[in-house]
Undergrad: 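Take a look at this one; I'll ask things after.
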Amino acid sequence: MTKLSVNINKIATLRNSRGGNVPNLLKVARDIESFGAEGITIHPRPDERHIRYQDARDLKDVVTTEYNIEGNPIQSFMDLVLEVKPTQVTLVPDAIDAITSNAGWDTIKHQSFLKEVITEFKNNNIRTSIFIDTDAKLIEAAAKTGTDRIELYTEHFASEFDKGNKEAIKPYTKAAIFAHKLGLGINAGHDLSLDNIKFFKENTPNLAEVSIGHALISESLYLGLQNVVNMYLHRLC
């Protein structure tokens, strides 16, 4: 069964829009786990416009399933992850002003840097994952960094699936097969939703984990958070 890790950035965005502590991020994380999710994901950015660095620290004592912290490994992010020691760190090449993640790593160009960062995290018993596109050369280069997993960037699939183009899954199927042969674990995320997650899961071999935030929280406005978490779990089984 593919694990569901729920990204709670949008909960933090809602909280921050009014100040104070409503909705309570820690309570939401606990509730999501109690609804059956197997992980909590956060993606703190340098301006702390949604998840704050202190949230990452506070969640460490709350999350009882897998705890995944995503981000660009600038020094402040690295220091935070090494302090918190989550289950997994997912490296994402975000620009400082990025609204959301919009590209995977060039693992050929940045191989030396990624290898150094990943070695540091693995020396601290933190599982590592690289956010990446489906290009086989990039996946092969990712394997050479020593990473445990890759996270397939699924925006293109989701966009094409919405247009009725189911052929868009093919590069992801091939990428997953190739990555598995190289000994890499396979995660996926970005724009996955209730509409496309079952098809993606069925056509992506050895899919260990999906990280879903924006769609899941948006769908919960209509259907309820507990119900939506369980709908995802049903589609992923």
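When reading the values below, keep in mind they use all heavy atoms of this one structure, side chains included, and skip hydrogens, waters and symmetry mates. A quick note: this is a predicted structure, and the numbers were derived from the prediction, not measured.
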Undergrad: Report, as yes or no, whether the 6.0 Å neighbourhood of atom NZ on K109 holds more than 12 heavy atoms from other residues, nucleotides or ligands.
TA: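 For K109, atom NZ is not crowded (no more than 12 foreign heavy atoms under 6.0 Å).
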
Undergrad: Only counting residues at least two apart or in another chain, list the ones meeting ring-ring contact (aromatic ring centres under 6.0 Å, His included) with F200.
TA: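 Residues passing ring-ring contact (aromatic ring centres under 6.0 Å, His included) with F200: F157, Y172.
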
Undergrad: Of all the heavy-atom pairs spanning Y232 and A215, show the shortest one and how long it is.
TA: OH-CB, 4.0 Å

Undergrad: Within the structure provided, determine whether I8 and L59 are in side-chain contact (heavy-atom separation under 4.5 Å).
TA: yes

Undergrad: Decide whether Q226 and N230 meet the rule of one side-chain donor and one side-chain acceptor closer than 3.5 Å.
TA: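 Side chains of Q226 and N230: no pair found under 3.5 Å.
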
Undergrad: For H110, give me all partners under ring-ring contact (aromatic ring centres under 6.0 Å, His included), at least two apart in sequence or on another chain.
TA: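 ring-ring contact (aromatic ring centres under 6.0 Å, His included) list for H110, sorted by chain: W105.
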
Undergrad: Are the charged groups of D148 and K122 less than 4.0 angstrom apart, N to O?
TA: yes

Undergrad: Just so I know, are the side chains of L233 and M1 near enough to count as touching, which here means a heavy-atom distance under 4.5 Å?
TA: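 A side-chain contact under 4.5 Å exists here.
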
Undergrad: In the structure I gave you, are the side-chain heavy atoms of S193 and E219 within less than 4.5 Å of one another anywhere?
TA: yes

Undergrad: When the ring planes of Y153 and H190 are compared, do they come out parallel, tilted or perpendicular, using 30° and 60° as the limits?
TA: perpendicular

Undergrad: Which atoms form the tightest heavy-atom contact between S34 and D31, and what is the distance?
TA: OG-O, 2.6 Å

Undergrad: Minimum heavy-atom separation for R15 and N21, please, with both atom names.
TA: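 Reported closest heavy-atom pair: CD-OD1, 3.8 Å.
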
Undergrad: When clusters are formed by joining ILVMFWY residues with side-chain heavy atoms under 4.5 Å apart, either directly or through shared neighbours, do F199 and L236 land in the same one?
TA: yes

Undergrad: Do the side chains of Y67 and I42 get nearer than 4.5 Å, heavy atoms only?
TA: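 Yes, side chains in contact.
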
Undergrad: Would you give the length of the straight line joining atom CG of N16 to atom CD of E48, rounded to the nearest 0.5 angstrom?
TA: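 Rounded to the nearest 0.5 Å, the CG-CD separation comes out at 9.0 Å.
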
Undergrad: Do the side chain of T173 and the main chain of N203 share a donor and acceptor less than 3.5 angstrom apart?
TA: yes

Undergrad: Is a side-chain donor or acceptor of K60 paired with a backbone partner of K85 at a separation under 3.5 angstrom?
TA: yes

Undergrad: Are the charged groups of D47 and R49 less than 4.0 angstrom apart, N to O?
TA: yes

Undergrad: The test is side chain to side chain contact (heavy atoms under 4.5 Å, CB included); show your working for I40 and V62 and say whether it passes.
TA: CA-CA 10 Å; I40 297 293; V62 170; over 6 Å; no

Undergrad: Taking atom NZ as the centre, does K166 end up with more than 12 heavy-atom neighbours from other residues, nucleotides or ligands that are less than 6.0 angstrom away?
TA: no

Undergrad: State whether the side chain of T147 and the backbone N or O of T128 hold a donor-acceptor pair below 3.5 Å, judged by distance alone.
TA: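 Indeed, once roles are kept as given, a pair shorter than 3.5 Å links the two residues.
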
Undergrad: Of the options E38, E209, R235, K201, which is the one that meets T2 in a side chain to side chain donor-acceptor pair (under 3.5 Å)?
TA: K201

Undergrad: When rounded to the nearest 0.5 angstrom, what distance separates OG in S220 from CG in L194?
TA: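 If we round to the nearest 0.5 Å, S220:OG and L194:CG are 8.0 Å apart.
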
Undergrad: Counting C-beta onward and ignoring hydrogens, is there a side-chain heavy-atom pair between L225 and I32 closer than 4.5 Å?
TA: yes

Undergrad: Are the side chain of D61 and the backbone of D58 linked by a donor-acceptor contact shorter than 3.5 Å?
TA: no

Undergrad: Does S76 offer a backbone N or O that forms a donor-acceptor pair with the side chain of D79 under 3.5 Å?
TA: no

Undergrad: Provide the closest heavy-atom pair for M78 versus F121 in the form atom of the first, atom of the second, distance.
TA: CG-CZ, 3.9 Å

Undergrad: Would you please name every residue forming a ring-ring contact (aromatic ring centres under 6.0 Å, His included) with Y53, sequence neighbours left out?
TA: none

Undergrad: Could you tell me if the side chain of V89 sits less than 4.5 Å from the side chain of F77, heavy atoms only?
TA: yes

Undergrad: Taking atom types as modelled, is there a side-chain donor on E33 or T65 under 3.5 Å from an acceptor on the other?
TA: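 Their side chains do contain a donor-acceptor pair, which is all the 3.5 Å distance test asks for.
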
Undergrad: Would a single hydrophobic cluster contain both L223 and L14, if residues Ile, Leu, Val, Met, Phe, Trp and Tyr are joined by side-chain heavy-atom contacts under 4.5 Å?
TA: no

Undergrad: To the nearest 0.5 Å, how far apart are NZ in K144 and CG in L114?
TA: 14.0 Å

Undergrad: A side-chain contact here means heavy atoms from C-beta on lying under 4.5 Å apart; do V117 and T145 qualify?
TA: no

Undergrad: First locate atom CG of N24, then atom CD1 of I11, and finally report the distance between them rounded to the nearest 0.5 Å.
TA: 10.5 Å

Undergrad: Taking all heavy atoms of A37 and all of V229, pick out the closest pair and write down the distance.
TA: N-CG1, 3.9 Å

Undergrad: For the pair E155 and S159, evaluate side chain to side chain contact (heavy atoms under 4.5 Å, CB included) and give the outcome as yes or no after the intermediate values.
TA: CA-CA 6 Å; E155 188 275 336; S159 176; 3.9 Å; yes

Undergrad: Using modelled atom types only, decide if a donor and an acceptor are shared between the side chain of N9 and the backbone of H43 within a distance under 3.5 Å.
TA: yes

Undergrad: May I ask whether L138 and F113 are part of the same hydrophobic cluster, defined by side-chain heavy atoms of I, L, V, M, F, W, Y residues being less than 4.5 angstrom apart, directly or through others?
TA: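 Yes: a chain of side-chain contacts under 4.5 Å links L138 to F113.
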
Undergrad: Between N123 and T119 (side chain of the first, backbone of the second, donor and acceptor by atom type, cut-off under 3.5 Å), is there such a pair?
TA: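 Yes, N123 side chain to T119 backbone: donor-acceptor pair under 3.5 Å.
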
Undergrad: Heavy atoms only: give me the nearest V84-A56 pair and the separation to one decimal.
TA: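 So the minimum-distance heavy-atom pair works out to CG1-O, 3.8 Å.
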
Undergrad: Would you say that I186 contacts L184 through its side chain, given a criterion of any heavy-atom pair below 4.5 Å between the two side chains?
TA: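 No - every pair of side-chain heavy atoms lies 4.5 Å or more apart.
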
Undergrad: Tell me whether K163 is salt-bridged to E160, with the criterion being a basic N under 4.0 Å from an acidic carboxylate O.
TA: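 Yes, this pair counts.
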
Undergrad: Between T41 and N68, do the side chains contain an N or O donor and an N or O acceptor separated by less than 3.5 Å?
TA: yes

Undergrad: Is it the case that more than 12 heavy atoms not belonging to E83 sit under 6.0 Å from its CD atom?
TA: yes

Undergrad: Same cluster or not: I108 versus I118, using hydrophobic residues (I, L, V, M, F, W, Y) connected whenever any side-chain heavy atoms lie under 4.5 Å apart?
TA: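 Linked within one cluster.
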
Undergrad: What about I51 and V22, same hydrophobic cluster or not, with Ile/Leu/Val/Met/Phe/Trp/Tyr joined at side-chain heavy-atom distances under 4.5 Å?
TA: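 I51 and V22: separate clusters.
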
Undergrad: From T87 OG1 over to N125 CG, what is the distance, rounded to the nearest 0.5 angstrom?
TA: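 So the gap between those two atoms works out to 11.5 Å.
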
Undergrad: Go through the steps to decide whether V228 and F35 satisfy the test side chain to side chain contact (heavy atoms under 4.5 Å, CB included), and finish with yes or no.
TA: CA-CA 9 Å; V228 168; F35 299 155; over 6 Å; no

Undergrad: At what distance, to the nearest 0.5 angstrom, does CD1 of I150 lie from OG1 of T90?
TA: 11.5 Å

Undergrad: Check for a donor-acceptor pair, side chain of N7 on one end and backbone N or O of S211 on the other, with a separation under 3.5 Å.
TA: no

Undergrad: Could you give me the CA-CA distance, side-chain angles and deciding distance for D133 and H156, then say whether side chain to side chain contact (heavy atoms under 4.5 Å, CB included) is met?
TA: CA-CA 10 Å; D133 296 302; H156 178 72; over 6 Å; no

